[in-house]
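If you're wondering where the values come from, they're calculated on a predicted model, not measured in any experiment. The chains referred to below are lettered A, B, ... by the order of the sequence lines, with proteins before strands, and numbering in each begins at 1.
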2 protein chains.
Amino acid sequence: MSKDSSRSQFNSITIIDVAREAGVSYGTVSRVINDSPNVKEETRERVKEVIDRLGFVGNRNARSLVSGKSHVIGLLIPDLGTAYIGEIIRGIDYELESIQYNLMLYTTHRREMKESGYISSLIQSGVDGVILILPRNPAIYLEKLRSLNFPYVLVDHQGIDEQGPAVGATNYQGAFDATEYLLELGHRRIAFITGTMDLGCSQERLLGYKAALQKHQIPFTPEWVIEGDFEQATGYSGAQTLMSLVNRPTAIFASNDMMAFGVMNAVRDMGLKIPGDISVIGFDDIFQSSQTMPGLTTVRQPLEQMGREATRMLIAMMKENTIKPGKIELPTRLVTRDSCKPLEAIQGN
Amino acid sequence: MSKDSSRSQFNSITIIDVAREAGVSYGTVSRVINDSPNVKEETRERVKEVIDRLGFVGNRNARSLVSGKSHVIGLLIPDLGTAYIGEIIRGIDYELESIQYNLMLYTTHRREMKESGYISSLIQSGVDGVILILPRNPAIYLEKLRSLNFPYVLVDHQGIDEQGPAVGATNYQGAFDATEYLLELGHRRIAFITGTMDLGCSQERLLGYKAALQKHQIPFTPEWVIEGDFEQATGYSGAQTLMSLVNRPTAIFASNDMMAFGVMNAVRDMGLKIPGDISVIGFDDIFQSSQTMPGLTTVRQPLEQMGREATRMLIAMMKENTIKPGKIELPTRLVTRDSCKPLEAIQGN
DNA sequence: GAATAATCTGTGAACGTTTACAATGAAAAT
DNA sequence: ATTTTCATTGTAAACGTTCACAGATTATTC
């Protein structure tokens with residue numbers, strides 16, 4: 001026994017209902033909705049009153065159909081498991097709210113599906129632009145986006161898309177700063193756990209680490225560099241490996257905070273103290289990092305701001321209807337908490 | 001100097017272009033698109049070929065306008081900071097993909113904005129249904145949704161909306177099981193750290209804890225219950241408080257995993273071992289919980305499945321165009337890892 | 001008071017589909 | 001051969017807006 005199958009049960013009130021009730025034509029109602037200046041103040045009031053009274057809200061589909069703009073942007077992300085992406089989205093949301101845009105979410109879930117087809121369906125589904133966070137393998141569809149002149153922005157994928165618009169953080173500099181900080185604390189034996197090495201950011205962080213060592217004329221020691229994957233368990237096992245070296249490091253720099261947590265746990269489980277026996281430093285500054293004891297010293301990525309910046313770029317492009325290349329790198333910042341300590345105090349070197 | 005301001009630059013190919021190219025009428029193309037049976041096989045093939053060749057994808061707005069269905073559902077969430085919500089979304093995504101629906105994301109960011117207005121704009125923005133995760137204060141707009149007969153499902157908010165459709169987990173039973181597990185290990189002094197007490201799930205977990213104690217004739221000791229807020233720092237400070245009691249507990253049950261992490265850190269920082277000196281148990285089983293050392297014993301919430309179940313319910317309601325009340329509680333499951341240990345081994349009681 | 005200009009309002013067409021219905025042609029039944 | 005039936009196709013109207021233009025007011029100038 002099916003209910004009334006009227007076409008659209010919820011958006012029942014239309015511009016025409018409002019017009020009738022207010023005693024004007026639907027054109028005038030449309031003008032009021034769109035803040036056109038060519039409406040007598042008195043009429044405007046009257047129409048607005050009716051709109052409120054009837055609870056009218058414009059039908060987006062009709063509006064989009066004729067205007068060609070959906071006021072929706074697409075967001076393509078690999079996954080939602082990480083606090084990392086959540087913070088970026090917070091920034092996107094913030095900017096979008098101010099211009100009354102909505103967000104359509106596309107999660108690839110790490111499946112490398114026919115991304116090209118994904119993107120094209122996304123385009124045709126009517127979004128006005130798209131933000132791609134940590135895109136997996138963008139070369140295929142970036143071409144398509146560019147050829148269509150479809151507005152897009154890449155977040156955190158520097159180094160791959162040479163031409164397109166992108167937002168990232170100063171990964172190189174951040175790693176450099178962190179390493180130098182440890183050096184300035186007197187550390188000389190500094191280990192490094194990398195991220196997933198097929199990502200640009202991981203490579204840059206490693207480079208920053210090496211550069212800082214070089215600047216201070218500390219020889220690079222391959223056995224102190226462990227390839228990681230951004231997961232906590234790898235930090236744990238990496239630290240175990242490092243700490244069992246005969247020539248073991250006095251400080252460990254992990255390429256993200258999750259791995260740093262793993263390091264901290266491993267070190268503690270060996271009966272050592274942080275920062276008493278070993279200094280630990282991370283990268284990202286996710287919320288949790290301020291919650292541990294001791295607080296994790298780390299390189300802060302301005303994730304929320306990255307989201308905002310990306311959105312601003314996208315909005316500008318949607319407005320001008322053109323893709324303007326230009327890479328933005330937002331500055332990282334060293335956040336010192338209590339997981340690092342001068343070397344002198346450790347063993348008098 | 002603005003570019004061509006043609007109406008819609010990306011969806012250029014329409015049903016009419018396809019019709020012309022295939023030598024049929026647009027009606028026939030529409031039929032092919034919608035898999036109508038009344039099309040000669042030969043014609044169907046020809047049209048499909050043209051569709052592929054031209055890369056035609058139907059304009060969603062036009063389709064939605066006439067059909068009254070947008071093939072989009074709205075998702076209202078408080079925040080994205082937690083892995084918790086990410087997992088639920090994974091489940092939603094999974095179900096949605098199979099029926100070709102898209103997801104519109106609305107993040108309230110814990111701001112208690114005029115939610116009622118939010119919801120109404122959401123409804124009118126053309127989504128076909130809405131899933132509300134951990135809704136803050138739903139009474140206001142639930143009424144509206146119900147009176148409009150607008151399909152919705154609540155996730156993880158049992159106990160508030162008595163009538164509406166909702167999906168949750170067996171919080172009571174889960175907490176009961178965890179507590180009983182500790183009792184069976186021989187523990188008698190079991191502390192409990194609550195969640196945010198204005199949430200139904202927090203209350204139920206506390207109830208489950210109390211019930212298990214009662215069943216085993218262990219008196220309830222108020223000083224062993226600490227009010228928490230689901231954040232790691234609270235677990236840390238809570239554990240400090242608990243461990244400094246003269247009559248200190250031998251096990252701590254935290255209402256979620258994040259707080260359990262805090263507990264673990266605090267305990268370790270006091271120079272105690274887990275589970276050697278104290279047993280710790282959590283709730284949620286987020287990914288990280290399998291990554292710590294020792295692995296955290298915890299109550300697994302089937303978050304992904306909750307997302308899937310909620311979506312299935314919503315789809316059914318959208319199909320039948322009616323809200324059918326009915327609460328589903330998915331079973332939790334105790335996941336035993338290495339953070340708990342029989343009491344005998346601790347101090348021979 | 002008439003002519004002109006400025007402001008405001010109504011109307012028709014369009015956006016790209018779906019849907020119901022009418023029209024066509026071929027096959028089947030008489 | 002004529003009618004009936006059925007499968008297939010074409011066509012008009014509708015969905016709820018925006019936009020351009022025409023029409024109707026009102027205000028301004030002569």
Exercise. State whether A:E41 and A:R44 are salt-bridged, where the test is any N-O pair (Lys NZ or Arg NE/NH1/NH2 against Asp/Glu carboxylate O) under 4.0 Å.
Key: yes

Quiz item: Which part of the nucleic acid, if any, lies within reach of B:N34 when heavy atoms closer than 4.0 Å are counted: base, sugar-phosphate only, or nothing?
Solution: sugar-phosphate

Practice problem: Whole angstrom is fine here: how far is it from NZ in A:K69 over to P in C:dC15? | Solution: 17 Å

Quiz item: Base, sugar-phosphate, or nothing for B:T43, non-hydrogen atoms under 4.0 angstrom?
Solution: sugar-phosphate

Self-check item: Separation of atom CD1 in A:I16 from atom P in C:dT9, rounded to whole Å
Solution: 18 Å

Quiz item: Within the structure, does a side-chain N or O atom of B:S25 lie under 4.0 Å from either OP1 or OP2 of D:dG10?
Solution: yes

Self-check item: Which residue lies more 5' along DNA chain D, comparing A:K40 with A:N61 via nearest heavy atoms
Solution: A:N61

Exercise. Identify the two heavy atoms, one from A:G164 and one from A:R146, that lie closest to each other, and give their separation to 0.1 Å.
Key: N-NH1, 3.8 Å

Quiz item: Rounding to a whole Å, what distance do you find between A:L54:CG and D:dG16:P?
Solution: 14 Å

Quiz item: When you match B:A62 and B:V39 each to their closest nucleotide on DNA chain D, which lands nearer the 5' end?
Solution: B:V39

Quiz item: Is there a donor and acceptor pair, one atom on the side chain of A:R60 and one on the base of D:dG16, closer than 3.5 Å?
Solution: no

Practice problem: Would you mind reading off the distance between A:R46 atom CZ and C:dT9 atom C1', rounded to a whole angstrom? | Solution: 11 Å

Quiz item: Starting at OH of B:Y26 and ending at C1' of C:dT18, how long is that distance when rounded to a whole Å?
Solution: 10 Å

Exercise. Test A:L154 against every option in A:L134, A:L142, A:V167 by the side chain to side chain contact (heavy atoms under 4.5 Å, CB included) rule and name the one that passes.
Key: A:L142

Quiz item: Roughly, in whole Å, what's the span from CG in A:N38 to P in D:dA24?
Solution: 18 Å

Quiz item: How close or far is atom C1' of D:dC21 from atom CZ of A:R31, stated in whole angstroms?
Solution: 11 Å

Exercise. Output yes when B:E87 and B:R90 qualify as a salt bridge under the 4.0 Å nitrogen-oxygen rule, no when they do not.
Key: no

Practice problem: Indicate yes or no: does B:R312 engage B:E309 in a salt bridge with an N to O separation below 4.0 Å. | Solution: yes

Practice problem: Rounded to the nearest angstrom, tell me the gap between atom CG in B:N59 and atom P in D:dT17. | Solution: 17 Å

Practice problem: Would you classify A:T28 as touching base, sugar-phosphate or nothing, given that sugar-phosphate means primed atoms plus P, OP1 and OP2, and contacts are heavy atoms under 4.0 Å? | Solution: sugar-phosphate

